[in-house]
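Here is how names work: the chains are called A, B, and so on, in the same order as the sequence lines, proteins then strands, and each is numbered from 1. Since the structure is predicted, the reported quantities are computational estimates derived from the model, not experimental observations.
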Amino acid sequence: MELTKRYQPADVEAKNYRFWEEGDFFRASVGVVRKVPFSIVIPPPNVTGRLHMGHALNNTLQDVVIRYHRMLGDEACWFPGTDHAGIATQNVVEKDLARQGTTRHELGRDAFVARVWDWKAKYGSEIIDQLKALGCSCDWSRLRFTLDEGLSKAVRHVFVRLYEDGLVYRGEYLVNWCPRCRTALSDLEVDHQDEDGALYFLRYPLEKGGHLTIATTRPETMLGDTAIAVHPGDERHNGLIGSYAILPILGRRLPIVGSEAVDPEFGTGTLKVTPGHDPVDFEIGRKEGLESINILNGDGTLNAAAGPFQGMEREAARKAVLERLQADGALERIEPYRHSVGHCERCDAVVEPLLSTQWFARMKPLADKAIAAVKDGRIQFVPERWTKLYFDWLENIRDWCISRQLWWGHRIPVWYGPDGREFVAETEAEASVRADEHYGRSVELRQDEDVLDTWFSSWLWPFSVMGWPEETDDLKAFFPTSFLLTGFDILFFWVSRMVMASLYFTGEVPFRTVYITPLFVDERGQKMSKSKGNSVDPIDLIGEYGADALRLAMARTTGKGRTVRMPWGDLTEGRNFLNKIWNMARFILMHLGDERPELPCEVTRFEDRYILRRLSETTEIVRKNLEEYSFHLAVEALYAFTWHDVCDWYVEMAKPRLAAGDDKVRGLLCHLLREMTKLLHPFVPFITEEIWQALGEDPRSVCVAEYPCARPQNPDPGDAWAMSMFQGMTGGLRSVRAEWNVPASVELRAIVKADPEGALRPVLERLRECSGMTGPVRMETSSDAQAPKGSARVVLHDLEMYVPLAGVIDLDAEKTRIQKELAAVNAELARAEAKLGNEQFLARAPEDVVEKERAKREELRKKQDRLEANLRSLGG
RNA sequence: GGGCGAGUAGCUCAGCUGGGAGAGCAUCCGGCUUACAUCCGGAAGGUCGCAGGUUCGAGUCCUGUCUUGCCCACCA
């Protein structure tokens, strides 16, 4: 197979993904006894969504993990799927309807839901294709959707079970209400933002004369006031408890009550109590048995309870109420005030606390088990710090409002009889049978209009995708899953709830390890989002840099903190690295021709042994970091080994041998290429597949090849020494050339002061052989060499070299250079000697550290001697 | 009001359980050396936010502090 000069990702990616799909390499089997199961469920992306950077990150990392385990020989299964994303998807389709000049209400429920299904049919595969473009090796035969029949059944089953266990209930409570979406929201779906507002001081006349001044940020809610509260310990006002005030405008009689909830320091120390529109007031109202008045309609306009303001929008009503109060002399003053305002997570509308009848799930009993599972180590968070947040949330958990006044989602499996009695069942037929039994006759049932919160299906995902509540083979083989990876933004929404659901319904943890990724932010540290216009489309990045380059950049974000900025530099670097890999492969394959030589059994050259040892070390580092999910460290190790050890040094050293037809070096290069291709594969699957196929030794895919194991090499310290001498001398000669502008074509004379027959011999041989790395050099070696006049000096701790450059070299400059080097050595030596002169250090530091320090001192002393001698001979 | 993260070379960031400060980009100099100019070689660049403390030894651990970002919380 011919490889192009440059790596061209687009063709390679499309071709190889097709190859994998046709080969069915990602499909997992059940009942393979000898294999260890390893499973991951994907955090299901919104079915009509598009891939964003968070997805790119999450799915890259999941794919690295699953590919690694597949290559380890595990029965690796990555369960893919999509989420119906109730409110998000409904909003998208509603926006589309708005463009067409209609609304869902005009369409009606059934027609609207049909429209959403159409939408899903049209756009639902886009995100899947995008995951494929990223290289994700999901088992597509197991693709699921949260509204699939099987998963819907799980949802109904769970609802009924919770109902029967007394853990779901229906009731009228104050909930977060989005007037734009016209639905209730859970606490988690409300985003709080600090905004500039005002504190309005209103005068409420007292029945017995005089008045009270009360501060509020939402003056229009006064229409729903049913009391006034003061702190019982507040001497200014506590005499009023038990008396009455009169509500301005409406003239309602308001009892004045005492409540610990009132902060005497705030405002005037008096609180208007609006149980229908404020959570604190709602609690006071319950305690005091106050009436709750709802002044709002579902769409945010004011209702009949608002009297003269009926029909107005919220903002207009606020203005109108203030004007009226002003006119009545009841508006004392206005102060600017910054406070937190709740917004709908999905449409950004200001959320209103609203009294309404909803379904709730009691979470406390489930939360206790979920806390225990992490406390006793059955589930582990990576990074570990997230456990604290997990505990904090679960320990303070509140009931979950699970009903939504939407049309897109799982309809609540509750049917009402003619008298409003609830029949909770998994199917209408079942409910009907029970209803008929109850009434003793055939009755008409009406199903609850609401649907369930979209997370009510997501929290079952790890087992519902495997067919639960049926006892399926997949469940037996792959549940609990091995690993979950997601961003911290859905730690509460999803992760905690999955743990709760799984423990409650299956008795098992849903996963053993949870890896929490950072979140992408823009240059200014702002969260990336489409609405802010600061998001980056990963598909564009794939087009520009290639999927493998994007994956490398993603893998390298993992060392960071809670947030990461767009890694533009890593993308370029990744693309360059791939080109490097590509050309290395091209070079090696070119020299292999049609042969695929094996690794020679006997390896005598130091650079061969050295590179094999480095390969082994690198393999070990990569495996270790993959086990620990330190993806960035694995990539760094691969990068350094490939680029520096192999390409910069080993391949360069191999060139003269290749020219001379040395078969051993070809065997070694072939081995290196084979091993590196496998090592790199989980991170950069496309390019490695292409190289694997070009190698052509295994007709199957590299994705099912065996992941390399570190082969312990005989640690011959002589190899490392020889290599460092070689690198030092090569570097020294290159420096001399650069420093004195000696063109690469001009031959240098190098006089090496060393025993030509000693340990340095192979190094000198190699240096002669590899003149391509330094430019032409005529080398002379003797133990008692003297520096000719006008020589540049290369000083290493175990040898020195003189490069005669009379007429070219500026001796003062060379002297300065040596002096600078000497100063650095002296400083280091002083530190080492101070350490070794410190008895405490000798007594307390571990032996190997002391030994290392001694060796270092010896090296530095040798180098110091040589530098000083050279300086003297330079006339310093 | 709590909690968490980040502050290391001009920039973006590595630096695991404490033991000789690193990479890439950018800068400067020199190279189209037939794998690669998405390249090769050379150089320059840092009191590791600040102040204490523990330790023979701190970028790494502890305390405090500053800057910055985020999350949670019923302050009208």
### Task
Summarise protein proximity over nucleotides 57-63 of chain B in one line of letters, 5' to 3': B for base, S for sugar-phosphate only, - for none, counting protein heavy atoms closer than 4.0 Å.
-------

### Summary
Once base and sugar-phosphate atoms are separated, protein heavy atoms under 4.0 Å mark nucleotides 29-35 of chain B, 5' to 3', with B, S and - as ------B

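Here A/P518 lies out of heavy-atom contact (under 4.0 Å) with every strand. The residue A/R831 sits close only to the backbone: its heavy atoms come under 4.0 Å of sugar-phosphate atoms, none of a base.
Each of A/D263 and A/F492 has a nearest nucleotide on RNA chain B; the 5'-most of these lies closest to A/F492. Sequence order on RNA chain B of the closest nucleotides to A/L188 and A/M773 puts A/M773 first from the 5' end.
Within the structure, the salt bridge (Lys or Arg N to Asp or Glu O under 4.0 Å) test picks out no pair touching residues 839-850 of chain A (sequence neighbours left out). For residues 828-837 of chain A, every residue pair satisfying the side chain to side chain donor-acceptor pair (under 3.5 Å) rule, not counting sequence neighbours, is listed here: A/E833-A/R861. The stretch residues 261-272 of chain A participates, sequence neighbours left out, in these salt bridge (Lys or Arg N to Asp or Glu O under 4.0 Å) pairs: A/D225-A/K272. Among pairs with a residue in residues 640-659 of chain A, those fulfilling salt bridge (Lys or Arg N to Asp or Glu O under 4.0 Å) read A/E607-A/R657, A/D608-A/R657, A/R614-A/D645, A/E652-A/K655, A/R657-A/D662, at least two apart in sequence or across chains. The list of salt bridge (Lys or Arg N to Asp or Glu O under 4.0 Å) pairs with a residue in residues 730-745 of chain A, not counting sequence neighbours, is empty.
Distance, A/E384 CD to B/U17 P: 12 Å, rounded to whole Å. Distance, A/D191 CG to B/C72 C1': 12 Å, rounded to whole Å. Spacing between atom CH2 of A/W582 and atom P of B/C36 amounts to 14 Å, rounded to whole angstrom units. Atom-to-atom, CH2 of A/W386 to P of B/C71 comes out at 11 Å; the value is rounded to the nearest Å. The CD1-P distance, from A/I490 to B/C71, rounds to 15 Å in whole Å. Here B/C71 presents its P atom at 9 Å from CG of A/L519, a figure rounded to the nearest Å.
Partners of A/R218 under the salt bridge (charged side-chain N to carboxylate O under 4.0 Å, His left out) rule, at least two apart in sequence or in another chain, are A/D278, A/E352. Residues that satisfy the side-chain contact (heavy atoms from CB on, under 4.5 Å) test with A/L836, not counting sequence neighbours, are A/F841, A/L842, A/V850, A/E853, A/R854, A/R857. Applying the salt bridge (charged side-chain N to carboxylate O under 4.0 Å, His left out) test to A/E195 and every residue at least two apart in sequence or in another chain returns nothing. In terms of the side chain to side chain donor-acceptor pair (under 3.5 Å) criterion, A/K287 has no residue partners (sequence neighbours excluded).
For B/A26, neither phosphate oxygen OP1 nor OP2 lies less than 4.0 angstrom from any side-chain nitrogen or oxygen of A/W568. Residue A/S735 places at least one side-chain N or O closer than 4.0 Å to OP1 or OP2 of B/A43. Proximity of A/H644 to the phosphate of B/A23: no side-chain N or O atom is located under 4.0 Å from OP1 or OP2. The shortest distance between the side-chain N/O atoms of A/R737 and the OP1/OP2 oxygens of B/G41 is not below 4.0 Å.
Salt-bridge annotation for A/R556 and A/E573: present, with a side-chain N of the basic residue lying under 4.0 Å from a carboxylate O of the acidic one. Ion pairing of A/R817 with A/E814 is present here, as a side-chain N (NZ or NE/NH1/NH2) and a carboxylate O approach within less than 4.0 Å.
You'll find that the side chain of A/N576 is closest to B/U38, out of B/U38, B/A14, B/A76.
Summarising the base pairing, B/A73 is matched to no nucleotide, lacking a Watson-Crick or G-U wobble pair whose two defining distances lie under 3.5 Å. Nucleotide B/C61: paired with B/G53 (Watson-Crick or G-U wobble, both distances less than 3.5 Å). Under the Watson-Crick or G-U wobble criterion, with both distances below 3.5 Å, B/U12 is paired with B/A23. In this structure, B/U38 forms no base pair with any nucleotide, since neither Watson-Crick nor G-U wobble geometry is met with both distances under 3.5 Å.
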Kindly give the atom pairs (protein nitrogen or oxygen, nucleotide nitrogen or oxygen) under 3.5 Å for nucleotides 5-11 of chain B.
{"from": "B/G5", "atom 1": "O2'", "to": "A/R562", "atom 2": "N", "distance (Å)": "3.1"}

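For A/R6 against B/U38, a side-chain N or O and a base N or O form a donor-acceptor pair under 3.5 Å. Contact of A/E828 with B/G20 (side chain to base): a donor-acceptor pair of N or O atoms is detected under 3.5 Å.
Between A/F488 and A/F493, the ring centre distance reaches or exceeds 6.0 Å.
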